[in-house]
Amino acid sequence: MDQYIRITSGNGKMQFINSINTNTLTNDYCMTKCSFKGKCYSRKQINRWKSNGIGWQKNSDKLSKSIIDYDLLPKFYNTNFVRFHSHGELINDIHLVNFMNICNKNEDVTFTLWTKRNDLIKRYFKEHKKPKNLILIFSNSKFDKPMDKIPLHFDKTFNVINKDSNIKANCSGKCKDCMICYTIGSKETQIIEVIK
């Protein structure tokens, strides 16, 4: 795979699923506007593993500052699924355009994007068609309040509950054993995970 953009190999929960990540610690939205930041799993992990933050910062810069030349976009081989942001969040419109161009370059790969940035999604998809190989998941920033309604252009919602919640979680274990988030056309649209 092309290393102009750093690809993170899946491990732990995301075993066998590669991802393209960015640095939440330098993302203005994450630092100033996201109500989730006090309990953000990504921030905790970057603070714990500093080297990831350095590599993901390079991705943040490359993905958000200019449209990447087609030849420099990653081409995925021997994989069926890639996640945009197992760590990170959309930075701006340019970042989203680069992700959509990666989808279009890799038509045989299913991409999944988790985001709270409904503003960027609305603006982009008002003018562009959604790639057929993209699953959009809206990340709900409210605890213990799973969303029943899916925002426009999204396929699913991702919701977090506290450990003592009465709400039943359907996200646990390893992604490779479930794949709800990575299956186009899956009827399961409300993903619920217990906070880490």
Side-chain angles (χ1 to χ4, degrees), residues 1-14 17-70 72-76 79 81-106 109-125 128 130-131 133-141 153-154 156 158 160 175 181-182 191 193 196:
M1 283 180 276
D2 194 309
Q3 290 302 306
Y4 181 78
I5 298 296
R6 178 182 175 185
I7 310 299
T8 302
S9 297
N11 56 41
K13 178 183 175 180
M14 289 193 43
I17 299 176
N18 293 326
S19 59
I20 298 176
N21 298 313
T22 55
N23 189 354
T24 52
L25 299 182
T26 60
N27 185 318
D28 181 61
Y29 177 85
C30 295
M31 298 305 288
T32 63
K33 299 180 182 91
C34 180
S35 61
F36 205 72
K37 62 180 174 275
K39 298 182 179 182
C40 178
Y41 173 77
S42 181
R43 290 178 65 162
K44 291 175 193 172
Q45 292 299 310
I46 292 174
N47 280 322
R48 183 175 174 199
W49 305 104
K50 303 285 186 192
S51 61
N52 282 337
I54 294 167
W56 295 342
Q57 183 58 45
K58 291 178 182 175
N59 280 356
S60 291
D61 294 339
K62 289 174 182 175
L63 287 163
S64 68
K65 293 191 174 177
S66 64
I67 305 300
I68 298 171
D69 184 86
Y70 183 84
L72 294 175
L73 293 171
K75 179 68 179 167
F76 292 91
T79 187
F81 308 98
V82 174
R83 177 171 173 169
F84 291 133
H85 291 146
S86 57
H87 292 275
E89 175 57 271
L90 290 172
I91 297 167
N92 57 26
D93 296 283
I94 294 170
H95 189 172
L96 181 56
V97 169
N98 282 318
F99 274 173
M100 296 305 97
N101 289 342
I102 292 170
C103 286
N104 292 327
K105 184 173 180 175
N106 296 273
V109 176
T110 297
F111 292 89
T112 304
L113 169 61
W114 275 251
T115 184
K116 293 175 175 62
R117 299 295 311 268
N118 196 15
D119 57 327
L120 300 180
I121 296 298
K122 277 184 182 176
R123 189 159 54 234
Y124 180 83
F125 288 110
H128 301 87
K130 184 175 158 191
N133 59 335
L134 174 67
I135 297 171
L136 276 176
I137 300 180
F138 183 76
S139 292
N140 182 3
S141 58
H153 306 297
F154 287 86
K156 303 172 189 295
F158 183 81
V160 178
C175 293
C181 296
Y182 301 90
I191 313 303
E193 181 180 49
K196 292 186 179 78

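The structure displayed is predicted, hence computed values, not measured ones.
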Taking every non-hydrogen atom, the tightest pair across F158 and V160
CE2-CG2, 3.8 Å
Which distance, rounded to the nearest 0.5 Å, do you find between the CH2 of W56 and the OG of S19?
7.0 Å
How long is the span from the CD1 atom in I94 to the CG atom in L120, to the nearest 0.5 Å?
11.0 Å
Classify the ring geometry between F84 and F99 as parallel (under 30°), tilted (30 to 60°) or perpendicular (over 60°).
parallel
Side-chain donor or acceptor of N59 paired with backbone N/O of T22 under 3.5 Å:
no
Check: S64 main-chain N/O paired with N98 side-chain donor or acceptor under 3.5 Å
no
If every non-hydrogen atom of P74 is compared with every non-hydrogen atom of I20, which pair is closest and at what distance?
CG-CD1, 4.2 Å
Nearest atoms (heavy-atom pairs only) where T112 meets C181:
OG1-O, 3.2 Å
With the side chain counted from C-beta on, respond yes when L90 and I121 share a heavy-atom pair under 4.5 Å apart, and no when they do not.
yes
With rounding to the nearest 0.5 angstrom, report the OG to CD1 distance, S9 to I7.
9.0 Å
Which heavy-atom pair separates I135 from Y182 by the least distance, and what is that distance?
CD1-C, 3.6 Å
Given side chains that start at C-beta, do those of V97 and Y124 come closer than 4.5 Å, heavy atoms only?
yes
Main chain of K75, side chain of K105: is a donor-acceptor contact present, judged purely on distance under 3.5 Å?
no
If only atom types and distance count, is the side chain of S60 paired as donor or acceptor with the main-chain N or O of N23 below 3.5 Å?
yes
Looking at I68, L72, L73, which hits side-chain contact (heavy atoms from CB on, under 4.5 Å) with Y70?
L73
Interatomic distance, N118 atom CG to L136 atom CG [nearest 0.5 angstrom]:
9.5 Å
Once rounded to the nearest 0.5 Å, what's the spacing between atom NE2 of H153 and atom NZ of K130?
9.0 Å
Side-chain touch L96/L113, heavy atoms, less than 4.5 angstrom
yes
Provide the closest heavy-atom pair for F138 versus F154 in the form atom of the first, atom of the second, distance.
N-CD2, 3.2 Å
Are side-chain heavy atoms of L63 and I5 found at a separation under 4.5 Å?
yes
On the 0 to 90° scale, with breaks at 30° and 60°, tag the H95-H85 ring pair as parallel, tilted or perpendicular.
perpendicular
Say whether, by atom type as modelled, one donor and one acceptor occur between the side chain of T115 and the main chain of R117 under 3.5 angstrom.
yes
With distance as the sole test, does K156 use its side chain to make a donor-acceptor pair with the main-chain N or O of I191 at under 3.5 Å?
no
Closest non-hydrogen atom pair between Y4 and K62, with its separation
O-NZ, 2.7 Å
Check step by step if side chain to side chain contact (heavy atoms under 4.5 Å, CB included) holds for N133 and F111.
CA-CA 6 Å; N133 59 335; F111 292 89; 3.7 Å; yes
Residue that, paired with S86, satisfies side chain to side chain donor-acceptor pair (under 3.5 Å) out of N18, N21, T8:
N21
